[in-house]
Amino acid sequence: MAKNGYPADRINTQEAHSARVYDYILGGKTNYVVDQQAGDAMCQEWPAMPVHMRENRFFMHRAAQYLAREEGIRQFLDIGTGIPTEPNLHEVVQRTAPDSRVVYVDNDPIVLTHAQALLVSTPEGRTAYIDGDMRDPAAILAAPEVADTLDLTRPVGLMIIGIVHFLLDEDDAMGIVRRLLDPLPSGSFLAMTIGTADFAPEEVGRVASEYESRGMPMRLRTRAEAEAFFTGLDLVEPGVTQVHYWKPDADTDPNIDDRDIAMYGGVARKN
């Protein structure tokens with residue numbers, strides 16, 4: 001048993017993990033040599049990786065802020081939390097509404113260890129953490145942490161950021177997202193980012209090969225495939241766009257090259 005309470009054989013620092021590679025490329029410290037080697041190889045294939053990953057993170061900030069500020073959403077379910085990087089989701093939304101509640105979900109014990117240590121709610125709000133795999137939506141929604149933290153009779157912001165490209169065709173990504181969204185009430189929102197090779201196919205294709213060679217295969221999707229995740233929902237303007245075009249703010253770099261962004265993003269309301 002590891003000192004953090006998780007079985008030692010679940011904490012694998014000999015193979016790269018997508019959350020830790022992401023952390024390394026963003027300049028974080030919760031990563032290991034194997035993650036650093038993977039990140040360096042990916043950045044060599046596509047030097048825009050840090051820009052791309054930062055913009056994905058900034059999309060999450062803007063989407064969460066929009067939902068809290070403009071739509072009055074006060075509870076969030078975050079699938080694929082990743083290693084805490086300030087500001088985290090609860091910090092973003094609790095700045096607008098201190099009583100906001102957030103449930104984080106991830107299946108990497110290292111991610112969860114750091115989440116438990118770092119993700120501290122305001123006194124008015126609440127955060128909780130689930131050791132869960134998004135491939136099992138029923139288990140996530142049935143977790144006691146969800147029932148204790150969220151009121152599923154009231155709208156929820158379902159956040160699926162930077163993770164769905166790790167779901168392959170055989171995983172039924174569309175079905176997984178629907179099974180997470182369907183039990184949520186009318187007025188809930190889905191915020192997603194979806195990996196694509198539409199804008200730099202050769203470079204992003206090489207990055208995908210690097211991920212696959214390290215045991216992290218991915219499925220990149222076209223714009224039409226990205227839009228399909230939102231079928232039947234009311235998209236918030238400007239619809240499904242590259243993430244840096246979704247409601248840019250004063251902090252958004254106006255000089256970003258579209259070829260440096262390999263992620264679509266969108267936010268939509270459930271009727």
Side-chain angles (χ1 to χ4, degrees), residues 1-2 4-13 15-23 30 56-57 60 63-64 73 75-85 88-90 93 100-121 125-168 170-185 188-195 215-219 229 270:
M1 184 74 72
N4 56 27
Y6 290 99
D9 60 3
R10 279 200 59 190
I11 302 177
N12 185 352
T13 61
E15 294 182 2
H17 187 283
S18 59
R20 299 194 304 262
V21 172
Y22 187 80
D23 176 75
T30 309
N56 178 68
R57 188 78 183 170
M60 184 275 285
I73 299 298
Q75 42 185 13
F76 296 82
L77 179 60
D78 183 45
I79 307 296
T81 298
I83 292 167
T85 304
N88 295 287
L89 174 60
H90 73 282
V93 298
S100 296
R101 295 178 166 226
V102 179
V103 174
Y104 292 100
V105 182
D106 208 296
N107 67 342
D108 177 11
I110 291 180
V111 171
L112 286 173
T113 297
H114 286 275
Q116 290 166 340
L118 297 176
L119 303 182
V120 180
S121 173
R126 188 169 179 182
T127 58
Y129 319 94
I130 297 173
D131 179 6
D133 191 322
M134 75 176 297
R135 293 177 180 84
D136 191 354
I140 291 171
L141 293 167
E145 293 88 349
V146 170
D148 290 345
T149 309
L150 306 180
D151 177 359
L152 296 187
T153 67
R154 296 172 54 236
V156 174
L158 175 62
M159 313 293 287
I160 305 179
I161 307 296
I163 188 69
V164 75
H165 47 276
F166 292 113
L167 295 178
L168 307 181
E170 56 265 34
D171 295 318
D172 183 22
M174 192 88 64
I176 287 171
V177 172
R178 286 291 155 174
R179 289 194 294 277
L180 285 165
L181 185 62
D182 283 350
L184 305 182
S188 293
F189 283 82
L190 170 65
M192 282 187 71
T193 61
I194 303 109
M216 298 175 285
M218 61 172 53
R219 167 70 157 83
F229 282 101
K270 178 181 177 182

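One-based numbering along the sequence shown.
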Student: How long is the span from the CG atom in Asp23 to the OG1 atom in Thr30, to the nearest 0.5 Å?
Tutor: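 If I round to the nearest 0.5 Å, the distance is 5.0 Å.
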Student: Kindly give the heavy-atom pair with the smallest separation between Arg135 and Phe166, and that separation in Å.
Tutor: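 That would be NH2-O, 3.3 Å.
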Student: To the nearest 0.5 Å, what is the distance between CG (Leu180) and CG (Leu190)?
Tutor: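 Output value for this atom pair is 9.0 Å.
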Student: Could you tell me whether the side chain of Gln75 and the main chain of Arg154 form a donor-acceptor pair under 3.5 Å?
Tutor: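 Side chain of Gln75 to backbone of Arg154: a pair is present.
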Student: Treating Asp106 as the side-chain partner and Thr81 as the backbone partner, does any N or O pair qualify as donor plus acceptor under 3.5 Å?
Tutor: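 A pair under 3.5 Å: yes.
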Student: Looking at His90, is its backbone amide N or carbonyl O close enough to the side chain of Asn88 to form a donor-acceptor pair, meaning the two atoms are under 3.5 Å apart?
Tutor: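 No: the side chain of Asn88 does not pair with the backbone of His90.
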Student: If only atom types and distance count, is the side chain of Arg126 paired as donor or acceptor with the main-chain N or O of Thr149 below 3.5 Å?
Tutor: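 It does not hold such a pair.
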Student: I need the Leu167 CG to Met174 CE distance, nearest 0.5 Å.
Tutor: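 Atom-to-atom, Leu167:CG and Met174:CE are 11.5 Å apart.
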Student: What pair of heavy atoms forms the shortest contact from Met159 to Leu89, and how long is it?
Tutor: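 It is CG-CD2, 4.0 Å.
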Student: Between Asn56 and Tyr22, is a side-chain hydrogen bond (donor to acceptor under 3.5 Å, both in side chains) present by the stated rule, with each step listed?
Tutor: CA-CA 11 Å; Asn56 178 68; Tyr22 187 80; 3.2 Å; yes
Student: Show the nearest heavy-atom pair for residues Ile161 and Ala191, with the distance to one decimal.
Tutor: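 Taking Ile161 first and Ala191 second, the nearest heavy atoms are CD1-O, 3.8 Å.
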Student: Is Pro185 close to Thr153 at the side-chain level, that is, under 4.5 Å between some pair of heavy atoms?
Tutor: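 With C-beta onward as the side chain, the pair stays apart.
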Student: Do Lys270 side-chain atoms and Asp182 backbone N/O form a donor-acceptor pair below 3.5 Å?
Tutor: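 Between the backbone of Asp182 and the side chain of Lys270 there is a qualifying donor-acceptor contact (under 3.5 Å).
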Student: Where does the angle between the aromatic ring planes of Tyr104 and Tyr129 fall among parallel (under 30°), tilted (30 to 60°) and perpendicular (over 60°)?
Tutor: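 Because their plane-to-plane angle is under 30°, the rings of Tyr104 and Tyr129 count as parallel.
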Student: Once rounded to the nearest 0.5 Å, what's the spacing between atom CG of Leu141 and atom CG of Leu152?
Tutor: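 Between Leu141 CG and Leu152 CG, I get 7.0 Å after rounding to 0.5 Å.
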Student: Applying side-chain contact (heavy atoms from CB on, under 4.5 Å), run through Glu145 and Asp148 and close with a yes or a no.
Tutor: CA-CA 5 Å; Glu145 293 88 349; Asp148 290 345; 5.7 Å; no
Student: Closest approach of Ile73 and Gly157, non-hydrogen atoms and distance?
Tutor: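 Looks like CG2-N, 3.6 Å.
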Student: Identify the heavy atoms of Gly82 and Ala19 that sit nearest to each other, and give their distance.
Tutor: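 Looks like CA-CB, 4.3 Å.
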Student: How long is the span from the CG atom in Leu150 to the CZ atom in Arg101, to the nearest 0.5 Å?
Tutor: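 Rounded to the nearest 0.5 Å, the CG-CZ separation comes out at 8.0 Å.
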Student: Mark yes or no for whether Arg178, through its side chain, and Phe229, through its backbone, hold a donor-acceptor pair below 3.5 Å.
Tutor: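 Side chain of Arg178 to backbone of Phe229: a pair is present.
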Student: Just by modelled atom types, is the Gly162 backbone N or O under 3.5 Å from a matching donor or acceptor in the Thr193 side chain?
Tutor: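 The answer is yes, because a donor-acceptor pair under 3.5 Å joins these two groups.
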Student: Roughly how far, to the nearest 0.5 Å, is the CG atom of Asp108 from the CZ atom of Arg20?
Tutor: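 One finds 5.5 Å between CZ of Arg20 and CG of Asp108.
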Student: Let me see the working for Arg179 and Asp172 under side-chain contact (heavy atoms from CB on, under 4.5 Å), right down to the final yes or no.
Tutor: CA-CA 11 Å; Arg179 289 194 294 277; Asp172 183 22; 3.7 Å; yes
Student: Testing the basics here: between Ile140 and Val146, what is the closest heavy-atom pair and its distance to 0.1 Å?
Tutor: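 Smallest heavy-atom distance, with atoms named: O-CG2, 3.3 Å.
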Student: Can any side-chain N or O of Asp171 pair as donor or acceptor with the backbone N or O of Ala173 at less than 3.5 Å?
Tutor: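 Not confirmed, Asp171 side chain does not pair with Ala173 backbone.
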Student: With Val105 as reference, evaluate Leu77, Asp78, Asp133 under the side chain to side chain contact (heavy atoms under 4.5 Å, CB included) test and give the passing residue.
Tutor: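 Per the side chain to side chain contact (heavy atoms under 4.5 Å, CB included) rule, the option paired with Val105 is Leu77, out of Leu77, Asp78, Asp133.
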